[in-house]
There are 2 protein chains.
Amino acid sequence: MTRRHEHIADELRRAIAEGRHPVGAALPSESELAAAHGVSRGTLRQAFGTLQAEGLIGSRQGARRVVLSTTPSQSFTELRSFAQWARAGGRTPGGQVLDSRRAAATDAEAGLLQLAPGDEVLHILRIRTLDDDPVLLERTVYAGWTAEAVEQAPADCESVTQHLQDTVGLFMSHGEHHLDAVAAGTVDARELGVRRGSPLLRVRRTTTTPEGRPVETSDDRYRPGSVVFTVRNSVQANPLARTTPDRPAP
Amino acid sequence: MTRRHEHIADELRRAIAEGRHPVGAALPSESELAAAHGVSRGTLRQAFGTLQAEGLIGSRQGARRVVLSTTPSQSFTELRSFAQWARAGGRTPGGQVLDSRRAAATDAEAGLLQLAPGDEVLHILRIRTLDDDPVLLERTVYAGWTAEAVEQAPADCESVTQHLQDTVGLFMSHGEHHLDAVAAGTVDARELGVRRGSPLLRVRRTTTTPEGRPVETSDDRYRPGSVVFTVRNSVQANPLARTTPDRPAP
DNA sequence: CAGTGGTCTAGACCACAGA
DNA sequence: CTGTGGTCTAGACCACTGT
């Protein structure tokens, strides 16, 4: 166990998930747990911080920490590819490229991807399925420098993110997401199997490497009912937490 | 400045916002900044952690921290009431209660609010405006123990959250949000000024006190175009950070 | 009041990035 | 290789909670 604070966080998470600390219950104090695990208070605080960042527990100066929720938080605390997210939920992800073409970046695209206007980009239209049900239509724009690697992925590649990581070591670690609702257009309706004009959840996102270099920007439209996005929040701007560095899994 | 790490975080945020550290640039090292501010490395890491949690910077073991974005993150890192959020964006929030009635909690409501089925709850239907434009229709269910205080708020109360805090010291500090898209129903269409069936962004949320006690659960429907939700993400589950405890502003 | 979490210090060792 | 961030320790003081 090289990282003690992660190990402790896991134990606490498990204890909460198993109901040993029900919602509303006070947790043991930092000193108690530090002594029990034979670590310093700082290490223990780091473990607690992780759980706080996940929205599982809350803290107030002077009082013991309190369990806020027993269900592990899903999608949005952690950046995940569609395939990763699907597998985490026990579903089988699928995908199919419907269209692929290179083009010159518009000003808007160049801005989002930090390119010069007119630089080459790659447009991909891709349908994504969950257990063979179409749930998501992606219109993705990749920066030109990734185009070759993306084109080499099979049309029904399950995880392009994984493919890019494996073939060229390209790793996406940060994302910015904008959520709103739109009416399904003709293409949306046909591919997602809904009526034209019916409501879709739209997520416009831009993903970057650990160095902050933008890789792709995408307009993703989700069929309602199939997917819900969850966010946990707190007034205390952002709780302390742990950090595995920005590296791909081995 | 009692909290040194906050002060340092503010300075760094300002430097980034002013473009002194452009996107993609490497920031000074921990040791350099610690020395410059006359604090220990731990304190400095806390300041960096705050910015990391806001998605402004990223870090990787062995390399200096990198600026990911220069625009301060908006709504979703921090739990905010509609009024707070509106004012932060320079808009004028408004509200009007359309309907208010007490009822017995359904099983679903009781579950969300941690009440016994049949306990009393208060249903409020409220329209929210931004610069006098209707943008949001709220269907809120308050736990019975808050009903009196909620009913005493004026029908056009700008911020019920603020009213509850001021009158009975009730403070909401954690939230869980589920986002999806729905078609506007008859009431939605009438109050938001859109056509029936047009897409709305729905946010179902539950808010709790610092102790984890649920206060309200709500079905909020946003007129598209008026509001966008933003989330910043990272693979490293959650960056280190921290700030002020779960206390109401004075 | 005693106990708790929030802040801070001054060290240390290690894994990793980049030249 | 040097410098960096990630992890950890063992202290300390303070602000706050709850009784």
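Chain letters run A, B, ... following the sequence lines, proteins first and then strands; every chain starts at 1. Everything quoted here is computed from the prediction, not taken from an experiment.
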Item to check | Side-chain ion pair, B/Glu30 and B/Arg65, N-O less than 4.0 Å | outcome: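 Yes, charged N to carboxylate O under 4.0 Å.
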Checklist entry - Are A/Arg91 and A/Trp85 in a cation-pi contact, defined as NZ or CZ under 6.0 Å from the six-membered ring centre and within 45° of the axis? => result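 Negative - A/Arg91 is either too far from the ring of A/Trp85 or too far off its axis.
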Rounded to the nearest angstrom, tell me the gap between atom [atom1] in [X] and atom [atom2] in [N].
| X | N | atom1 | atom2 | result |
| --- | --- | --- | --- | --- |
| A/Arg64 | C/dG6 | CZ | C1' | 16 Å |
| A/Arg3 | D/dC8 | CZ | C1' | 13 Å |
| B/Gln46 | C/dG6 | CD | P | 10 Å |
| B/His7 | C/dC8 | NE2 | C1' | 16 Å |
| B/Arg41 | D/dT7 | CZ | P | 11 Å |

Checklist entry - Counting only Watson-Crick or G-U wobble pairs whose two distances fall under 3.5 Å, which nucleotide matches C/dA10? => result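 When the pairing criteria are applied, D/dT9 turns out to be the nucleotide that pairs with C/dA10.
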Strictly below 4.0 Å: does [X] bring a side-chain N or O up to OP1 or OP2 of [N]?
| X | N | answer |
| --- | --- | --- |
| A/Arg4 | D/dT9 | yes |
| A/Arg60 | D/dG18 | yes |
| A/Arg65 | C/dG6 | yes |

Checklist entry - Between the side chains of B/Glu211 and B/Thr209, does any donor sit under 3.5 Å from an acceptor? => result yes
